[in-house]
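Quick notes on the structure that follows.
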Amino acid sequence: MNVNELENKRIAVLLSGGVDSSVVVYEFARMGLHPDCFYIKIGPEEAEEWDCTSEEDLEMATAVAHKYGCRLEVIDCHREYWDKVTRYTMDKVRAGYTPNPDVMCNRLIKFGAFHEKRGKDYDLIATGHYAQTEIDEAGRKWLVTSPDPVKDQTDFLAQIYDWQLRKALFPIGHYMKDEVRQIAEREHLVSAKRKDSQGICFLGKINYNDYVRRYLGEQPGDVIELETGKRIGQHKGLWFHTIGQRKGMGFGGGPWFVVKKDVAENVLYVSHGYDPETAYRQDFPICDFHPLTLPLEELPDMQQPMLNVTFKIRHTPGYLPATLERIGEGSYIVHARDKIHGVAPGQFCVIYDEAHHCCFGSGEITL
């Protein structure tokens with residue numbers, strides 16, 4: 001960040017109470033800047049029963065804002081979260097897909113509903129994401145990866161709109177996580193030793209399956225071995241299982257791998273063994289590709305009909321090499337160099353350049 005470029009900007013910081021966003025505020029303060037801070041209150045329908053960590057989060061956010069002389073305002077996006085993110089999640093899992101609520105939370109809430117309520121009054125919206133941005137010679141802003149491969153969060157940002165990216169600022173994106181912790185401890189931030197949040201951002205200690213069960217209940221059905229057609233047990237609902245799952249199945253004689261869901265018949269198909277071939281795919285389609293800065297066809301190095309890329313289908317440190325083949329408007333086939341485990345419909349496939357430096361956008365896997 002360059003103080004000369006920021007001192008005349010109106011900056012909003014999304015302050016969660018965690019160590020990352022706390023260090024964001026410090027980064028501004030050390031440059032003599034005191035941006036307005038905002039704590040976004042989100043959660044499912046019954047907030048009083050589920051919102052178990054928000055009080056502690058708000059206390060820490062308040063302490064950090066006070067430490068650096070920043071104003072803190074609480075923005076209630078509870079209803080917007082339910083109407084948009086939770087509805088998206090439940091619609092997808094009910095249909096047998098594997099959604100990513102945190103991806104949609106960034107697009108619809110942190111850079112969406114917040115913008116409608118307060119963010120529109122600011123030039124920049126700063127968050128504690130591990131991501132960076134670059135401006136090219138034409139003045140276009142690109143989302144680029146963090147140097148910390150474990151913490152990089154560009155995959156969670158790959159569905160935001162281009163106008164949201166233009167307003168986004170990631171002040172700690174150039175750091176490694178350990179460096180952020182060291183800064184927080186050195187500056188005696190109250191959040192310095194807080195553990196990183198796991199899973200969906202608002203759930204805290206609530207189990208994801210309990211969250212899904214709250215809205216969809218249970219719908220028991222047969223579990224069938226794909227190769228033999230043998231019934232090996234009963235599931236409580238297809239939405240409690242994901243393609244590629246190999247833990248928590250609860251059936252004897254394992255290991256078992258989830259390989260297919262038949263939503264119409266409510267049947268879960270599994271495969272037996274330590275590494276079944278049915279658990280892997282090398283070529284798969286993606287639809288409704290969402291570009292961040294430019295459509296893929298307008299990239300300077302786009303080689304029709306194939307583009308050499310790297311990609312992710314889940315939040316892992318590694319980037320997988322592939323070629324991308326265009327088959328229609330916003331539709332592509334990913335030809336991975338190697339077979340990939342656990343490819344599931346509904347997942348977002350996030351596309352990067354060959355050097356996994358620049359994030360081009362993402363599309364939804366369809367099988």
Side-chain angles (χ1 to χ4, degrees), residues 12-16 20-21 24 38-44 75-93 95 97-133 140-146 152-170 173 197 199-203 211 286-296 311-315 330 345-352 358-366:
V13 175
L14 300 188
L15 184 56
S16 68
D20 298 325
S21 61
V24 166
F38 296 88
Y39 176 85
I40 298 179
K41 182 180 179 182
I42 57 177
I75 303 298
D76 190 347
C77 291
H78 169 81
R79 174 53 55 189
E80 290 82 0
Y81 195 98
W82 163 251
D83 287 344
K84 296 178 179 180
V85 180
T86 300
R87 190 175 306 280
Y88 150 81
T89 303
M90 297 308 155
D91 285 348
K92 289 293 183 182
V93 296
Y97 298 141
T98 302
N100 191 319
D102 282 339
V103 169
M104 300 311 289
C105 182
N106 284 319
R107 171 170 156 175
L108 299 174
I109 305 300
K110 294 176 183 176
F111 293 101
F114 169 74
H115 187 271
E116 295 172 10
K117 291 178 181 242
R118 294 293 278 112
K120 62 180 181 294
D121 300 325
Y122 294 83
D123 300 309
L124 296 168
I125 298 174
T127 71
H129 285 100
Y130 285 83
Q132 303 183 92
T133 59
R140 294 176 298 229
K141 192 173 185 179
W142 295 86
L143 180 67
V144 301
T145 53
S146 164
D152 177 79
Q153 292 174 306
T154 51
D155 51 328
F156 290 127
L157 294 162
Q159 280 278 315
I160 65 174
Y161 296 111
D162 55 353
W163 65 266
Q164 294 173 326
L165 178 60
R166 288 194 293 270
K167 292 191 69 167
L169 188 62
F170 309 117
S197 60
I200 299 179
C201 52
F202 69 84
L203 284 184
Y211 167 58
I286 58 175
C287 69
D288 299 327
F289 188 83
H290 177 83
L292 283 166
T293 303
L294 279 179
L296 295 181
F311 73 95
K312 285 185 179 185
I313 61 170
R314 57 180 65 89
H315 188 60
Q347 289 174 318
F348 288 113
C349 179
V350 185
I351 303 296
Y352 300 82
C358 182
C359 181
F360 293 148
S362 62
E364 186 175 302
I365 295 173
T366 57

Stepwise, does the side-chain hydrogen bond (donor to acceptor under 3.5 Å, both in side chains) test hold for Asn106 with His129?
-> CA-CA 10 Å; Asn106 284 319; His129 285 100; 3.2 Å; yes
For the pair Lys84 (side chain) and Gly112 (backbone), establish whether a donor and an acceptor sit closer than 3.5 Å, ignoring hydrogens and angles.
-> no
Distance (rounded to the nearest 0.5 Å) between Cys105 SG and Ile40 CD1 | 7.5 Å
Which atom pair, heavy atoms only, marks the closest approach of Arg118 to Ile75?
-> CG-CD1, 3.4 Å
Considering all heavy atoms, the nearest Asp152-Ser146 contact | OD1-N, 2.7 Å
Would you check, one step at a time, whether the test side-chain contact (heavy atoms from CB on, under 4.5 Å) holds for Leu294 with Trp142?
-> CA-CA 9 Å; Leu294 279 179; Trp142 295 86; 3.9 Å; yes
Report yes if some heavy atom in the side chain of Phe170 is under 4.5 Å from a heavy atom in the side chain of Leu143; otherwise report no.
-> yes
Does any non-hydrogen side-chain atom of Ile351 lie less than 4.5 Å from one of Phe311?
-> yes
Candidates Phe156, Tyr130, Phe348 - the one meeting ring-ring contact (aromatic ring centres under 6.0 Å, His included) with His315 | Phe156
Quick check: are there more than 12 heavy atoms from other residues, nucleotides or ligands sitting under 6.0 Å from CG of Asp288?
-> no
List the steps, then state whether side-chain contact (heavy atoms from CB on, under 4.5 Å) holds for Val24 with Thr127.
-> CA-CA 7 Å; Val24 166; Thr127 71; over 6 Å; no
Give the intermediate values and the outcome of side-chain hydrogen bond (donor to acceptor under 3.5 Å, both in side chains) for residues Gln347 and Thr98.
-> CA-CA 5 Å; Gln347 289 174 318; Thr98 302; 5.5 Å; no
Using the side-chain hydrogen bond (donor to acceptor under 3.5 Å, both in side chains) rule, pick out the option among Thr154, Asp155, Thr145 that qualifies with Tyr352.
-> Thr154
Could you tell me the separation between the CG atom of Leu157 and the OG atom of Ser362, rounded to the nearest 0.5 Å?
-> 10.0 Å
Would you check if the side chain of Lys117 reaches a backbone N or O of Asp76 as a donor-acceptor pair within less than 3.5 Å?
-> yes
Heavy atoms of Lys92 and Pro99 approach each other most closely as CB-CB, 3.6 Å
Are any of the side-chain nitrogens in Asp83 or Arg79 under 4.0 Å away from the carboxylate oxygens of its partner?
-> yes
For the atom pair CG (Asp123) and CG (Leu169), what is the distance rounded to the nearest 0.5 Å?
-> 11.0 Å
Heavy-atom nearest pair, Gly119 first then Ile125, reads CA-CD1, 4.1 Å
Should the heavy atoms of other residues, nucleotides or ligands under 6.0 Å from CZ of Phe114 be counted, would the total exceed 12?
-> yes
The single option from Leu292, Leu108, Val103 passing side chain to side chain contact (heavy atoms under 4.5 Å, CB included) against Ile160 | Leu292
Value for OH (Tyr39) from CG (Leu14), rounded to nearest 0.5 Å, stands at 12.0 Å
When rounded to the nearest 0.5 angstrom, what is the spacing between CZ in Phe111 and OH in Tyr161?
-> 14.0 Å
Just by modelled atom types, is the Ala168 backbone N or O under 3.5 Å from a matching donor or acceptor in the Lys141 side chain?
-> yes
Distance from Glu364 atom CD to His290 atom NE2, nearest 0.5 Å?
-> 13.0 Å
Closest heavy-atom pair and its distance - Ile109, Cys77 = CG2-CB, 4.0 Å
Check step by step if side-chain contact (heavy atoms from CB on, under 4.5 Å) holds for Glu116 and Glu80.
-> CA-CA 11 Å; Glu116 295 172 10; Glu80 290 82 0; 5.9 Å; no
Beyond-backbone contact of Met104 with Asn100, side-chain heavy atoms, under 4.5 angstrom | no
Would you please test Phe38 and Lys110 for side-chain contact (heavy atoms from CB on, under 4.5 Å) and show each step?
-> CA-CA 10 Å; Phe38 296 88; Lys110 294 176 183 176; over 6 Å; no
